[in-house]
There are 2 protein chains.
Amino acid sequence: MTNIKKVSELAGVSTATVSRTLKMPDMVTARTKEKVMKAVKEAGYRPSWLATSVKTGRTNTIVVLVPNLINPFFMRIIGGIEQAAQERGFTVLLCDTQGDSKRESDYASMVLTNRADGLIQLDHSFPFNEDDAKLAETIPMVSVCERIHSDKKYPVVALDNYAASRALAHHLVSYGHTKFAVIVGQVVSQIHKDRLYGLRSVLTEENIEFDEDMIVGQSYSIENGIEGMRQLLAKPNRPSAVICFNDDIAIGAMHEIHRQGLSVPDDISVVGFDNVKVSAFMNPPLTTIDQPAYEMGRRGMEILSDVINGVPLTRSSEMLPFQLLERQSSGPAPL
Amino acid sequence: MTNIKKVSELAGVSTATVSRTLKMPDMVTARTKEKVMKAVKEAGYRPSWLATSVKTGRTNTIVVLVPNLINPFFMRIIGGIEQAAQERGFTVLLCDTQGDSKRESDYASMVLTNRADGLIQLDHSFPFNEDDAKLAETIPMVSVCERIHSDKKYPVVALDNYAASRALAHHLVSYGHTKFAVIVGQVVSQIHKDRLYGLRSVLTEENIEFDEDMIVGQSYSIENGIEGMRQLLAKPNRPSAVICFNDDIAIGAMHEIHRQGLSVPDDISVVGFDNVKVSAFMNPPLTTIDQPAYEMGRRGMEILSDVINGVPLTRSSEMLPFQLLERQSSGPAPL
DNA sequence: AGTATTATTGTTATCGATTACAATAATTAC
DNA sequence: GTAATTATTGTAATCGATAACAATAATACT
């Protein structure tokens with residue numbers, strides 16, 4: 001190991017001088033700087049990040065809790081986080097929680113064990129229990145992506161799922177649809193409630209009846225889209241418009257519709273959420289809600305950085321705008 | 001901050017005893033254990049990972065260099081890495097390099113600065129220059145995914161791209177195709193050479209002429225697939241079989257074919273590499289090479305763990321088996 | 001019971017840096 | 001040329017743990 005002591009001996013100076021040469025170069029003479037730099041190069045020395053962090057008490061690392069790394073939508077958010085992190089000198093530690101609450105608290109406690117300075121979660125499942133809640137209060141933490149339920153105390157950057165859901169519903173209603181169905185993802189989440197509530201509110205306003213039986217599904221996956229669609233098509237009264245709670249589900253749903261020899265959108269209109277990359281290149285291209293994922297990630301990291309640095313927050317919750325992308329998977333209701 | 005000293009005072013023992021209680025519980029009396037645990041709970045104490053790592057010289061962290069986090073294929077590999085890492089008590093630090101060599105060496109040097117114990121790269125672009133090469137020799141490192149060029153000194157887990165490419169070519173030849181085209185991804189890579197060489201070898205054996213003009217493309221993206229297909233379709237002699245060097249490219253290619261009113265596979269057969277999740281749910285489902293991505297990640301991490309722990313390697317390179325998935329995007333050549 | 005042995009616990013050096021403070025060297029002021 | 005001031009450098013404490021070694025307490029043995 002080449003440590004600072006070896007370098008100091010090589011350069012014939014004290015360790016303090018070596019440290020200063022590297023961290024505050026204009027505090028040393030040109031002559032010593034030269035000597036030290038030569039020794040540094042000769043020894044191939046790099047200061048130990050660990051040692052530095054112990055001393056300074058800052059790791060310049062943040063943890064991101066990701067429910068599912070495979071999901072490209074989360075990856076877009078992470079792209080934004082990474083960008084903002086890089087600009088601020090933070091390293092991002094990505095943690096795939098698989099929705100497992102044990103893993104979540106494990107990873108979250110990295111902040112407590114001086115492994116990271118702060119935490120971003122891409123849903124807000126954490127904290128779950130009393131212990132974690134107490135833990136959570138002392139941690140710099142930001143939630144990105146999910147609108148927050150009343151009592152959470154940390155800042156949130158979110159999409160207005162309620163409004164987005166209403167936009168999709170209006171879009172479909174304007175095409176004359178009256179027989180709606182929904183394929184949902186994870187049920188216990190604010191996203192879920194908001195989107196469902198958004199749809200219901202529009203249908204009520206438009207005096208369209210909604211059959212509770214037409215809500216199926218349980219996870220944000222292609223397979224769930226297939227299975228959900230299979231269930232819907234097995235029902236006596238086939239829906240003409242299916243709202244899927246993310247694009248993966250929609251992709252699965254379309255696949256099943258095609259498999260059964262039906263057409264999108266002639267027989268059934270399908271819409272999704274997220275604007276995943278491939279959604280534009282499906283056959284037909286998918287109508288979906290574009291979430292400003294990258295931007296959400298950016299803002300989340302900016303806010304977390306402020307929290308870590310003790311900058312007071314202006315507001316605790318931000319809603320970013322969405323956009324309805326009308327493509328070819330939705331069209332007029334069949335007669 | 002609640003440190004070990006505070007806990008030791010609270011429990012009325014020495015710091016050593018506290019440390020031992022937590023790390024080697026059967027070295028202390030039941031009575032002291034009780035005292036210490038009470039104090040730990042009362043103070044909400046967690047040992048600083050930083051301090052522990054400085055002292056022990058191990059971070060139990062490994063860095064993974066990922067060219068592109070959005071690519072779900074890499075994510076599958078990472079899933080395997082994470083699994084094996086978890087089992088061995090390692091934390092995975094994911095680093096998105098964006099193919100940027102500066103970022104690559106920055107991240108790679110995390111191992112030198114005691115930020116991580118080892119490194120896995122999902123391509124083998126690193127090291128690029130003399131400095132990095134010297135650096136690379138001292139680092140526990142494994143390359144996953146790409147067959148390695150002769151002179152690299154670290155272990156590799158790879159797919160046999162040559163054989164896989166031959167399998168695809170044979171598949172298409174058996175359908176009577178003679179007019180081949182290729183849409184490639186990143187050109188400067190062993191993957192690229194192996195796949196192209198595999199295709200050429202089959203065509204030569206089968207006495208099928210191959211027009212060099214029919215090689216287009218430059219990146220592993222949907223957009224590149226679209227643009228590449230556009231170029232191919234603009235040529236006087238339209239190909240009947242298009243081999244795309246990953247599924248994203250294939251998705252883009254199919255999209256462009258459909259957009260121009262042609263049919264897959266009636267007019268043109270399209271095949272890809274990777275077996276990305278959505279590829280099975282395209283319309284039509286994509287014929288592709290299934291790479292054992294998860295397994296590759298697993299093996300890579302296993303090997304790296306051995307290298308870190310000083311276990312001697314049995315061999316320096318492993319090839320994992322692939323599988324040709326015949327789906328509906330490939331079919332008989334048109335007359 | 002008195003000694004030998006083993007099991008616990010405490011003291012203190014250490015990991016590799018940073019930094020407050022002390023010491024020395026270089027300027028500046030007179 | 002000497003004193004006062006400032007710029008550099010060195011010494012040693014520190015961050016929060018761990019672990020070698022020493023000291024003490026508890027058990028075993030004759």
Side-chain angles (χ1 to χ4, degrees), chain A residues 1-40 43-61 89 109-117 138, chain B residues 1-40 43-61 89 109-117 138:
Chain A
M1 248 301 116
T2 61
N3 51 22
I4 198 169
K5 200 169 171 201
K6 212 156 282 175
V7 174
S8 75
E9 283 163 6
L10 239 143
V13 297
S14 72
T15 61
T17 302
V18 175
S19 176
R20 276 190 286 253
T21 308
L22 296 172
K23 295 287 150 61
M24 325 144 120
D26 28 78
M27 262 195 72
V28 303
T29 320
R31 201 166 137 40
T32 46
K33 198 184 303 185
E34 197 185 345
K35 277 194 301 185
V36 172
M37 290 317 251
K38 186 162 160 286
V40 165
Y45 169 71
R46 313 255 198 147
S48 160
W49 173 84
L50 279 176
T52 305
S53 295
V54 182
K55 193 71 216 316
T56 61
R58 290 265 317 241
T59 63
N60 293 316
T61 302
S109 69
M110 285 184 157
V111 183
L112 293 179
T113 59
N114 293 321
R115 179 121 201 217
D117 300 335
T138 63
Chain B
M1 250 300 116
T2 62
N3 50 21
I4 199 170
K5 201 167 170 203
K6 210 157 285 176
V7 175
S8 75
E9 284 163 5
L10 239 144
V13 296
S14 73
T15 60
T17 302
V18 175
S19 176
R20 278 190 286 253
T21 309
L22 296 173
K23 295 286 150 63
M24 325 145 119
D26 29 79
M27 264 196 70
V28 304
T29 320
R31 199 164 139 39
T32 46
K33 198 184 302 186
E34 195 185 349
K35 276 194 302 186
V36 170
M37 290 316 252
K38 185 162 161 287
V40 165
Y45 168 73
R46 313 257 197 143
S48 162
W49 173 84
L50 279 176
T52 304
S53 295
V54 182
K55 193 71 215 319
T56 60
R58 292 262 320 236
T59 62
N60 293 316
T61 302
S109 69
M110 284 182 159
V111 182
L112 293 179
T113 59
N114 294 319
R115 178 118 203 221
D117 300 335
T138 64

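Excluded from the calculations below are hydrogen atoms, water molecules and symmetry mates; all remaining heavy atoms, backbone and side chain alike, are included.
Side-chain contact of B:Arg115 with A:Thr61: a donor-acceptor pair under 3.5 Å is present, judged by distance alone.
One atom, CD of A:Glu9, and another, C1' of C:dA17, lie 15 Å apart when rounded to the nearest Å. Per the geometry, CD1 belonging to A:Ile4 stands 18 Å off P belonging to C:dT14, to the nearest Å. When rounded to the nearest whole Å, the span between CG of B:Leu22 and C1' of D:dG16 equals 13 Å. Atom NZ of B:Lys33 is separated from atom P of C:dT8 by 10 Å (rounded to the nearest Å). Atom CZ of A:Arg58 and atom P of C:dT19 are 13 Å apart (whole Å). Atom C1' of nucleotide D:dT8 and atom NZ of A:Lys35 are separated by 11 Å, given to the nearest angstrom. Summarising the geometry, the separation between CG on A:Leu50 and C1' on D:dC15 is reported as 13 Å, rounded to the nearest angstrom. As a whole-Å value, the separation of B:Met24 CE from C:dT9 C1' is 14 Å.
Mapped onto DNA chain D by nearest heavy atom, B:Ala51 and B:Arg20 fall at different nucleotides, with B:Ala51 at the one closer to the 5' end. Nearest-nucleotide assignment on DNA chain C puts the 5′-proximal partner with B:Val13, out of B:Asn114 and B:Val13. Nearest-nucleotide positions on DNA chain C place B:Val28 closer to the 5' end than the other of A:Lys55 and B:Val28. With the nearest nucleotide of DNA chain D identified for both A:Asp26 and B:Lys5, A:Asp26 has the one nearer the 5' end.
Between A:Tyr45 and C:dA17, a side-chain N or O to OP1/OP2 separation shorter than 4.0 Å is present. An OP1 or OP2 oxygen of C:dT18 is reached within less than 4.0 angstrom by a side-chain nitrogen or oxygen of A:Ser19. OP1 and OP2 of C:dC15 both lie 4.0 Å or more from every side-chain N or O belonging to B:Thr56. When the side-chain nitrogen and oxygen atoms of A:Ser48 are compared with OP1 and OP2 of C:dC15, none of them lie within a distance under 4.0 Å. For D:dA17, neither phosphate oxygen OP1 nor OP2 lies less than 4.0 angstrom from any side-chain nitrogen or oxygen of B:Thr15.
The structure places NZ of A:Lys55 at 15.5 Å from CG of A:Leu50, a figure rounded to the nearest 0.5 Å.
No more than 12 heavy-atom neighbours from other residues, nucleotides or ligands sit within 6.0 angstrom of CD on A:Glu34.
Using a distance-only test at 3.5 Å, with no hydrogens or angles considered, no donor-acceptor pair links the side chain of B:Asp117 to the main chain of B:Arg58.
Taking the side chain of A:Met27 as heavy atoms from C-beta on, and the options D:dA12, C:dG10, D:dT9, the nearest nucleotide is D:dT9. Taking the side chain of B:Lys23 as heavy atoms from C-beta on, and the options C:dA17, C:dT18, D:dT18, the nearest nucleotide is D:dT18. Among the nucleotides D:dT11, C:dC15, C:dT9, the one closest to the side chain of A:Ser14 is D:dT11. The side chain of B:Thr52 has D:dA17 as its nearest neighbour among D:dT9, C:dT8, D:dA17. Minimum atom distance to the side chain of B:Asn3 is reached by D:dA17, of the listed C:dT8, C:dG16, D:dA17.
Looking at heavy atoms from C-beta onward, A:Pro47 lies out of side-chain contact with A:Trp49 at the 4.5 angstrom threshold. Using a 4.5 Å heavy-atom cutoff, the side chains of B:Thr138 and B:Leu112 are in contact.
Residue contacts for B:Thr32: at a heavy-atom cut-off of 4.0 Å it reaches the sugar-phosphate backbone alone, with no base atom in range.
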